[in-house]
Undergrad: 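This is the structure, below, for whatever I ask next.
All of these numbers come straight from a predicted model, not from anything done at the bench. Each ligand, and each atom within it, is numbered from 1 in the order the structure gives.
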Amino acid sequence: MAVKRTPFIAGNWKMNLDHLQAIAFVQKLAWSLADAKHDFAEAEVAVFPPFTDLRSVQTLVSADSLPIGYGAQDVSAHDSGAFTGEISGAFLAKLDCRYAIIGHSERRTLHGESDTEVNAKVKAAHRHGIVPVVCVGETADDLEAHGPSAVPVAQLRAALDGVDGSRGIVVAYEPVWAIGSGQAATPAQAEQVAAALRSVIAELLGDDVAEATRVLYGGSVKAANIASFLREPNVDGALVGGASLDIDEFSSIVRFKKHVGA
Ligand SMILES: O=C(CO)COP(=O)(O)O
């Protein structure tokens, strides 16, 4: 029987908004969605602030029982020890983080994060009950040389090696050339890769996990294009960068059904 996957709209703030700005933002986002009578069964919402904001966001979400999830933008592959500057999944779990983004292309490119490290981080998140949001995606050169699916598929295979699928994962397909460029993939391109990624999940973790796993698209998602992605059968939401920093725009993306008449 087909599982209904709840669409997931995730806002990756990257290195933006300090903890005071984060509190104001999350409060206003919650008001905006409440005003619009957003049904969270129609779309789950989570924000991914910088590490230094997480305690403040936790306190606000918990005190006001806000229906907004949150997660970290990275997690250490290690649980504790002499790893200066790293953040353990144990600490994130203590802050009730539901998710952690792992293997974002900015970490792969700017910090040389390898497929092996991404795999170790996925396992570290699982050890602490955190759902990894595993990011994969090809560069413009990869696209030209290998087509759209080859690199994301290879990255996902490596990321999921030896992973226990019963602990939950989210996969985000983010073509590097579409990130921050204003030039999103077409919905058909996103669907093609999302379907290929779902096949990898089925092969490595089983059909039930593949059926239940949300595959997101990320890269220049805006209120104006979100509905076209969500119409695709294998695209279950979006990982939003720049547009997640604007309350009206992000709230509008979350309410994707309302503004395009989808
Ligand atoms: O990298 C992204 C989210 O992780 C996408 O960023 P943009 O939405 O700014 O293109």
Undergrad: Taking the side chain from Y217 and the backbone from G219, do they hold a donor-acceptor pair closer than 3.5 Å?
TA: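 Yes; judged by distance alone, with no hydrogens or angles, the pair exists.
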Undergrad: Fit a plane to each ring of F25 and W13, take the angle between them on a 0 to 90° scale, and name the class: parallel (under 30°), tilted (30 to 60°) or perpendicular (over 60°).
TA: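 Plane angle over 60°, so perpendicular.
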Undergrad: Under a 4.0 Å heavy-atom cut-off, which residues neighbour ligand 1?
TA: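 Within 4.0 Å of ligand 1, protein side: N12, K14, H104, E174, A178, I179, G180, G219, S220, L239, V240, G241, G242.
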Undergrad: Is the backbone N or O of T213 less than 3.5 Å from a side-chain atom of R198, with the two atoms forming a donor-acceptor pair by type?
TA: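 Yes; judged by distance alone, with no hydrogens or angles, the pair exists.
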Undergrad: Does F8 form a ring pair (Phe, Tyr, Trp, His ring centres under 6.0 Å) with Y99? I'd like the steps, not just the answer.
TA: CA-CA 12 Å; F8 184 28; Y99 300 104; 4.9 Å; yes
Undergrad: Rounded to the nearest 0.5 Å, how far apart are OG of S166 and CG of D208?
TA: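 Here the interatomic distance stands at 11.5 Å.
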Undergrad: Provide the closest heavy-atom pair for F256 versus A43 in the form atom of the first, atom of the second, distance.
TA: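 Here F256 and A43 meet closest at CE2-CB, 4.0 Å.
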